[in-house]
Protein chains: 2
Amino acid sequence: MPSAAFRSGVPDHGRVPKYYAVKARILAEIAELGVGAPLPPERDLAARYTVARSTVRQAISELTIEGRLSARQGRGTFVAKPKVIQPLSLHSYTEALRDMGYEPSRTVTAFDVVPAGDEVSAALAIGPGAPVVHLERVLLADGEPLGLESTYLAAERYPTLMDVLDPAGSLYRCMQEELGVVWAEATERIETALASPREALLLQTNPALPMLLMQRVSRDPAGVPIECVRALYRGDRIGFETRLRA
Amino acid sequence: MPSAAFRSGVPDHGRVPKYYAVKARILAEIAELGVGAPLPPERDLAARYTVARSTVRQAISELTIEGRLSARQGRGTFVAKPKVIQPLSLHSYTEALRDMGYEPSRTVTAFDVVPAGDEVSAALAIGPGAPVVHLERVLLADGEPLGLESTYLAAERYPTLMDVLDPAGSLYRCMQEELGVVWAEATERIETALASPREALLLQTNPALPMLLMQRVSRDPAGVPIECVRALYRGDRIGFETRLRA
DNA sequence: AAGTGGTCTAGACCACTCC
DNA sequence: GAGTGGTCTAGACCACTTG
């Protein structure tokens with residue numbers, strides 16, 4: 001990127017931190033390794049580049065956030081597969097992943113009825129503390145965790161839900177076919193976030209790794225909230241795509 | 001979050017790193033301080049909690065990524081303003097920010113004609129190396145940088161663009177009113193990313209802070225690409241919202 | 001048991017801001 | 001010059017995986 005005709009008065013005094021040079025050298029090593037190949041251990045890289053191990057770790061940390069590397073405690077650090085790109089649309093998780101050649105699956109980590117907290121009760125337009133069905137699932141692609149999805153539904157609005165829902169199956173299909181609920185629209189919000197230690201554990205990742213936090217409220221044709229969802233996706237493994245019309 | 005009926009075989013053995021406890025204590029301090037108030041210096045916090053300074057730094061780093069704190073070298077660390085939420089729609093930056101009570105502005109950091117790189121030429125459906133107009137601007141809210149937007153347009157498709165465009169004004173209005181270009185649809189992709197040192201400098205932030213990278217290709221009614229945009233937004237300061245219809 | 005990444009320490013120097 | 005956050009070092013111990 002040379003280029004300059006207009007320039008704001010930005011100094012840009014070539015100072016780059018040392019870990020940035022290390023990052024460039026590791027990036028060059030990655031280019032010569034195939035996907036899944038192990039990177040040399042951090043201690044070796046530190047010795048080879050004659051820097052401290054924590055300097056190597058900072059470089060590796062950034063490459064991990066960028067989705068180029070993937071570290072596993074006790075095993076090593078490996079060249080990562082390219083990021084998955086998921087379309088933003090009403091209920092697309094399994095089809096979208098299958099289209100990209102991944103095998104999608106889900107693991108249920110919670111399925112119960114709990115009192116609604118403030119945010120959930122506001123989103124679902126029910127009283128605070130009213131009972132809500134809570135379904136939490138880990139979303140996987142080829143067995144690797146990509147996201148953690150927590151869905152909340154008003155229990156009194158769907159009194160038979162706990163009986164008819166198979167928590168491992170499709171929530172949408174069950175709601176539509178068993179309960180006749182029609183999805184009309186959703187408001188979805190995306191931002192960066194960090195995982196809690198529990199969430200990081202479920203996602204088999206590290207709490208320092210940035211996540212994409214998606215919060216969604218879905219409504220039926222009358223505008224009544226059907227569900228609110230809090231989903232945390234691994235920022236190093238997935239991105240989202242949407243099509244906008246004028 | 002107690003709750004458990006279904007449980008995957010996740011250990012969840014209460015181990016939390018020490019920096020996580022420090023983070024909770026700093027969060028409690030933040031709650032008692034107002035927006036814009038200074039946090040005690042890192043060295044003081046380390047002494048008060050009897051931990052190493054780098055442990056405090058890791059906690060502060062996560063709170064910064066989460067948008068709760070904002071550090072400025074040489075000055076201190078401050079309680080941050082809440083995140084801005086920007087609607088995902090075709091051309092909304094100024095109106096959306098004004099609706100939220102912010103004063104939007106832009107700074108031009110580059111405006112020139114350059115040969116298209118591989119990605120840009122593919123996105124614009126032109127030959128590699130063909131000339132493209134490149135407009136790079138910093139987007140600000142109340143004088144604070146929120147994003148860095150790089151727009152590329154095929155120079156041969158809009159031969160008078162460099163003459164009629166005021167780089168500080170609205171690109172959309174100029175294209176529509178001066179050149180009669182009609183926006184029909186756009187494909188937008190969002191993922192996490194890191195800034196380069198130059199980008200971090202322009203955004204007055206730190207290269208380790210996760211960003212939201214948005215890449216957009218806009219098309220006219222005939223499907224011809226009008227522009228491709230690479231925009232980097234500060235993950236600690238902005239999120240995006242979209243409305244989906246069935 | 002050996003080797004890996006994850007956390008933590010104690011201390012140093014640098015770059016920047018303010019007085 | 002004093003005080004701040006940003007980078008870097010050298011070393012330690014822990015948790016986890018594999019042989």
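Proteins get letters first, then strands, A, B, ... in listed order; numbering begins at 1 in each.
- Look at CZ on B:F78: it is 10 Å from C1' on C:dT17, rounded to the nearest Å.
- Pairs passing the salt bridge (Lys or Arg N to Asp or Glu O under 4.0 Å) check and including a residue from residues 77-89 of chain A, sequence neighbours excluded, read A:K83-B:E191.
- A salt bridge does not link B:E136 with B:R106: none of the charged nitrogens is closer than 4.0 Å to a carboxylate oxygen.
- A straight line from CD of B:Q73 to P of C:dT17 spans 7 Å, rounded to a whole angstrom.
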For nucleotides 10-12 of chain C, list the nitrogen or oxygen atoms of the protein found under 3.5 Å from its nitrogen or oxygen atoms, one pair per line.
from   : atom 1 : to    : atom 2 : distance (Å)
C:dA12 : N6     : B:R53 : NH1    : 3.3

List, one per line, each side-chain donor-acceptor pair under 3.5 Å for residues 47-54 of chain A, sequence neighbours excluded.
from  : atom 1 : to    : atom 2 : distance (Å)
A:R48 : NH1    : A:E29 : OE1    : 3.4
A:R48 : NH1    : A:E29 : OE2    : 2.6
A:Y49 : OH     : A:E29 : OE2    : 2.7
A:R53 : NE     : A:E42 : OE1    : 3.0
A:R53 : NH2    : A:E42 : OE1    : 3.1

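- In this entry the distance linking CD of B:Q58 with C1' of D:dG6 reads 15 Å, nearest Å.
- The interatomic distance linking A:L209 (CG) with C:dG6 (P) rounds to 10 Å, in whole Å.
- A salt bridge does not link A:R72 to A:E144: none of the charged nitrogens lies less than 4.0 Å from a carboxylate oxygen.
- Comment: A:R230 does not engage A:E149 in a salt bridge, judged by the lack of any side-chain N to carboxylate O separation of less than 4.0 angstrom.
- Remark: P of D:dC14 and CZ of A:R57 are 17 Å apart, rounded to the nearest angstrom.
- For the pair B:K18 and C:dG6, the criterion of a side-chain N or O lying under 4.0 Å from OP1 or OP2 is not met.
- Ion pairing of A:E62 with A:R68 is absent here, as no side-chain N (NZ or NE/NH1/NH2) approaches a carboxylate O to less than 4.0 Å.
- Distances shown here put a side-chain N or O of B:T77 below 4.0 Å from the OP1 or OP2 atom of D:dG5.
- For D:dT9, the OP1/OP2 oxygens have a side-chain nitrogen or oxygen of A:T55 closer than 4.0 Å.
- In this structure, CD of B:E62 is placed 11 Å from P of C:dC8, rounded to the nearest angstrom.
- Taking atom CG of residue B:L39 and atom P of nucleotide D:dG5, one finds them 8 Å apart after rounding to whole Å.
- Atom OG1 of B:T205 is separated from atom CG of B:L148 by 12.0 Å, given to the nearest 0.5 angstrom.
- Heavy-atom distances to DNA chain D give each of B:A208 and B:P41 a nearest nucleotide, and the one nearer the 5′ end belongs to B:P41.
- For the pair B:R75 CZ and D:dG3 P, the computed distance is 17 Å after rounding to whole Å.
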